[in-house]
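Throughout, residue positions are numbered sequentially from 1 according to the sequence presented.
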Amino acid sequence: MRSRIFLTVCLLVSLLAGCDKEPGVGEVVSTFNNYEETGDLPALQERGYIRLLAPRFDEPSGLPREGVPAREYQAQAEAFVRHLGLQPRWVYAESFAELGALINAGAADVIVTNYSVTKDRQKTLAFSTPVNAVQEKLVVPTEKADLTLTKLKNLTISVPEGTSYQETAEKLARRHDNISVDILDANLSDEELVEGVESGELAATIIDSNMLDVLISPDGEAAIGPVVNRKRRIAWAVRQDSTQLLDRINQYITSERVMSSVKEQEKRDWVAIKEQGVLRVITSNNPASYFMWRGELMGFDYDLINDFAKKHRLRVSVVVRDSPSAMFAALQAGEGDVIAASMTITEDRQKQGWMFSDRYLEVNEQLIGRSDEAPLENIGQLAGRTVAVNPETAYYDTLQKLRESDFPFIVQEVPGASTEMLINAVANGEYDLTMADSHLAAMESTYREDIAVLFEFEPAKEIGWGLRPEQQALEEQLNSYIARHYRGLNYNITYNRYFREKKTINTHEAYRVGSGKAISPYDELVKSEALKYGLDWRLITSQMYQESRFNPKARSFAGAQGLLQVMPRTGRQLGYSNLTRPENGVAAGVAYMDWLEQRFPARLDLAEKLYFTLAAYNAGHGHVEDARRLAERLGKDPDKWFGNVEEAMLLLSRPEYARQARYGYVRGAEPVKYVRQIKNRYLGYVSALEEEEG
């Protein structure tokens, strides 16, 4: 069997260069020797590769035209593999029919192509959350394009063996006496099928709708006929026992789509922010600025900027970046409006064009060592020592200026490291010394006794909110807030909660999401159920917190029960009772989510479908469809939730709109808030857990 796998080599230029350069999308390195491996993700991590499998005609040299979806799938799959810290390697099979057998034989790990989910394939493979949803359409000679299936007399539909097209064609033949099926060689591509109809060799064939714009020419001899399958899911496939790999695939696909759906690039000042009602805050995931505590978004910087936003009746949308340069790049690109991440105001940053608000915090930089060390009496005692810092931080600038004064010490650059990570590394003996701002050091010292402040630098540093130079109106509003509230009652309570109150800080640390900690007591249960339906377990956990605060005995005034607050009648219809048992409550809730998702059009983007499904879970499918119809009447996009259908949903609580709706009045603010909070919490979980993995 392995002899029929096509292992392509680098392009000629790469061969001449010894294949040292990074391969292009879909290319295979010539020095890669394939092997047999049927293990799950840990086994693949040991080898360092994930082998991506596609049919021969998906090879870069064989892709017929620009716009073929295989290129997009290939790029997405390679990005996923590198996200795991592994290397992608491509394996090409003779035909679609061989893909499943090759995966199960251990010749590859993930099928990535325009691969439809079918009942036969599900018997031997496990499928991811869909990367696309398509219709299957008949392709016929141009003169027959307007005929219906019943009018296409004595029609023979030719399809390759082992494809979803074969399954659809055989189903059509069972339903229509005038249709017969001709099974072709399994290695024929969609382009070759269309060429067969154009040449007259084939009377008809079936093609996925996402291929038709590329393959059907308006003035050609083949044309698009009737839809023969309205809903085909396109997904990646793995071995059925590759549950860890499948879980990570589902997480990646879902989080990427959700993050893409909320990513806006618009450079806004105060007027536009007020008009749109949202302040986009760029921050970093750490115990001082922003973190997930159980199911709540918290952090000193987050709470402070959130208080500012509330006073102006603005919602906060968080954009997480992991370094000062990434945060300022996001600000400059218009992905956010303000940086709130304990950012030190430095001369170097201002010279680079960064603008800051007035200070909302003053701190001293401190030298951190192990607890068994004596404090330094003066900075001269730093001679011969090594200080580990992230070169992007203000600490690095301070140390560089010291070195210019001929202090004989070593600065060890640790790119990408957070202050928390470096403090932990010093405590464990991995580094000699590091630096931290005084409020961060005080917070760390409340729950650990293995570090000590060895020296404090003067003078104090100022911390402000980061802005673009042209955001003068926003700067004025922020400075006004700081002038009124700096070191006021709410400010002091917030500061003490995060940096002085030992009990509160210990509680935050114990339940902060990340560092290998569970999100909820039911993580494994949720992972198992979510995997059955191709859902991201972190999204379901976010929803669970919203519904029950992780209380399996929770009951609503309307009678909903369990962790996901399912109505007993709904549970019985899905085959579940005793919903206060965690196993039953989670299984029923996830099954209900899947049932609702099936009610929405297949054409919807994955993220949008999730938003609609969540809204329907809260308010009912009928009310969401009412809102979609109203959105369309108002000139908004009925296929997009945020800024479109959610606004129509709010209007359905007003009598003049509710009277015209099929399902009448609905408290529209509830599903709007429900979707927004679950999405924000989900993104918080994603950033916290990915911070841990990074």
Notebook entry, point to check: Checking Ser261 side chain against Val258 main chain: does a donor-acceptor pair fall under 3.5 Å?
Noted result: yes
Notebook entry, point to check: Under 6.0 Å between the ring centres of His508 and Phe291?
Noted result: yes
Notebook entry, point to check: Cation-pi between Lys679 and Tyr674: NZ/CZ under 6.0 Å from ring centre and within 45° of the ring axis?
Noted result: no
Show me the side-chain donor-acceptor pairs of residues 486-493 shorter than 3.5 Å, one per line, residues at least two apart or across chains.
from, atom 1, to, atom 2, distance (Å)
Tyr491, OH, Tyr360, O, 2.6
Asn492, ND2, Arg487, O, 3.1
Asn492, ND2, Gly488, O, 3.3

Notebook entry, point to check: Is the backbone N or O of Ile273 less than 3.5 Å from a side-chain atom of Arg280, with the two atoms forming a donor-acceptor pair by type?
Noted result: no
Next item on the list: State, yes or no, whether a side-chain contact exists between Val363 and Ser438 at a heavy-atom distance under 4.5 Å.
Entry: yes
Item checked: Pair Phe455 and Phe457, ring centroids less than 6.0 Å apart -> yes
Next item on the list: Answer yes or no: does atom NZ of Lys527 have more than 12 heavy-atom neighbours from other residues, nucleotides or ligands under 6.0 Å?
Entry: yes
Check: Are more than 12 heavy atoms from other residues, nucleotides or ligands located less than 6.0 Å from atom CD of Glu430?
Finding: yes
Notebook entry, point to check: Who are the side-chain contact (heavy atoms from CB on, under 4.5 Å) partners of Glu392, not counting sequence neighbours?
Noted result: Ser323, Pro324, Ser325, Asn390
Margin query: Between Arg512 (side chain only) and Trp293 (backbone N and O only), is there a donor and an acceptor less than 3.5 Å apart?
Written below: no
Check: Given the rule in the side-chain contact (heavy atoms from CB on, under 4.5 Å) test, do Arg370 and Asp432 qualify, once you have shown the distances and angles that lead to the verdict?
Finding: CA-CA 8 Å; Arg370 287 176 288 283; Asp432 183 15; 4.1 Å; yes
